[in-house]
Amino acid sequence: MASRSPSSSRIRPLFALNFFMADMQSGIGPFVGVFLQERGWASGLIGTAMTIGNVAGMLITTPIGGFIDASRNKRLWVVIPGICVVLASAVILISQDFWAVTFSQVAQSLASAAIVPAVTGITLGIAKQKGFNALNGRNQAFNHAGNMVGAALSGYLGYEFGYVAVFALAAVFGAIAIACVLMIPAKAIDDRASRGSKEDDSKAPPDAMTMLLKHKPLLVLALALALFHLGNAAIVPLYGLAAVAEVQANGPSFVATTVVIAQGVMIVTSLIAMKAASKRNYWPVILVSFMFLPVRGVLAFFVTGWWGVVPMQVLDGIGTGLQTVAVPGMVARSLDGTGRINLGQGAVITVQGVGASLSPALGGWIAQWIGYGPTFLLLGGFGLASIALWLAFRAAVKKY
């Protein structure tokens, strides 16, 4: 029955998966920039390698969502990203050649592209639509806790033993995540519920972009997120590069500290977002999340190094924590009954990924030309564009 709470044999491995899959989403990404900078790479070249990887992930995300909808083995789509994370960590240690590094970023992006719709589908399959908001909120709390612990361990190991230990830890987390998902009983995942189908629909899935363009709330959500992440994705890596470049911080420990603070805040914020959405809807939750980017841009402009870490990352933790619960929840709610929830998740992530994939190159080259300070203000301004779009189309999205 959809109203029954999932048994511990299902949710404990799911929570463990969310904890250990943290490195499958962000993984070595936050550390790659300072790792390459210490080996003589310019910020523009670093941003370009990261952007190529992000674009590859962006292009594969929507097809992966369709495959997950059609798949009778949802767990496989967590195993594959785990393997990609292990490969990414190994490759970047073996060679710092541009194309080798780019390949590692592509592998990492493939993992990031698959893991969110896969775990969303598994969660829906276990909890059904009625229980999804509550279980997803708890998933995100465990996921942020995993990010926090992983980042703290990475910072310590990186400080004591160098970047080899950081990338090795990411590979270990990926391997454990694979073991966790295999502990979830396959029969516990309802395939029809996992894709939001009310009946066994065997028809071919619709074209993802056609579905997105015809579904106005989904399109507005995707575009607003794309604008947001065009500014947001580059701020943390650039903030780390600025501090390390000015010899204000140790690379691994600085990056780890920024992640730990943000993820700690996200644990609490994701639970708050879960409660707020259950009482109202996701529209105001997402609106509030957009508001923190402009403030972070201004803070990053005026304060660099350790002094700015706490306030900037607390704001990032609130904004991102709200989105990790609200975005998949809104997609699942708006597409309930279509049988294409994971395809929709993939389509939204793809459009969002356009902004995120362009952000490192945009921020990296602009910072190289005009300096870090003005770049932070420019990136923060994209949050204002997201707010304007979200308010302009309020009537279309507010009911979700």
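For clarity, every value in this text was computed on a predicted model and none was experimentally measured. Values below: every heavy atom of this structure, side chains too, minus hydrogens, waters and symmetry copies.
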Problem - Whether Thr123 side chain and Asn136 backbone form a donor-acceptor pair below 3.5 Å - result: no
Handout entry: Test item: side-chain donor near acceptor, Thr324 and Asn143, under 3.5 Å
Key = no
Completion exercise
In short, Leu169 meets Leu153 closest at the heavy-atom pair CD2-CB, 3.6 Å
Fill in the blank from the handout: Closest heavy-atom pair, Val265 versus Val314, reported as atoms and distance to 0.1 Å, is CG1-O, 3.7 Å
Handout entry: Residue pair Thr269 / His144, side-chain donor-acceptor N/O under 3.5 Å
Key = no
Handout entry: Atom pair CG/CG of Leu230 and Leu225 - distance to nearest 0.5 Å
Key = 12.5 Å
Fill in the blank from the handout: Output for pair (Leu271 CG, Lys275 NZ), nearest 0.5 Å, gives 8.5 Å
Practice task
Measure from the side-chain N and O atoms of Gln140 to the backbone N and O of Gly321, and report whether any donor-acceptor pair falls under 3.5 Å.
Solution key: no
Exercise for the section: Measure the spacing between CD1 of Ile126 and CG of Leu14 and express it to the nearest 0.5 Å. Expected result: 5.0 Å
Problem - Donor-acceptor contact present, side-chain Asn18 to main-chain Phe142, <3.5 Å - result: no
Handout entry: N/O donor-acceptor pair under 3.5 Å between Lys130 side chain and Ala127 backbone
Key = no
Exercise for the section: Might you confirm whether atom CZ of Phe103 has over 12 heavy atoms from other residues, nucleotides or ligands at distances under 6.0 Å? Expected result: no
Problem - CE-CD1 distance between Met21 and Ile178, expressed to the nearest 0.5 angstrom - result: 13.5 Å
Practice task
Report, as yes or no, whether the 6.0 Å neighbourhood of atom CZ on Phe67 holds more than 12 heavy atoms from other residues, nucleotides or ligands.
Solution key: no
Fill in the blank from the handout: To the nearest 0.5 Å, atom CG of Asp191 lies from atom CG of Leu124 at 12.0 Å
Problem - Minimum side-chain heavy-atom gap Ile52-Gln105 below 4.5 Å - result: no
Exercise for the section: For Arg333 and Asn133, test the side chains for any donor-to-acceptor distance below 3.5 angstrom and give the result as yes or no. Expected result: no
Problem - Atom pair CE (Met266) and CD (Gln323), whose distance is rounded to the nearest 0.5 Å - result: 9.5 Å
Exercise for the section: Output yes when a side-chain donor or acceptor of Arg75 lies under 3.5 Å from a complementary backbone atom of Ile184, and no otherwise. Expected result: yes
Problem - Main-chain N/O of Phe290 paired with Ser386 side-chain donor or acceptor, under 3.5 Å - result: no
Exercise for the section: Kindly say whether Thr320 contributes a backbone atom to a donor-acceptor pair with the side chain of Ser289 at under 3.5 angstrom? Expected result: no
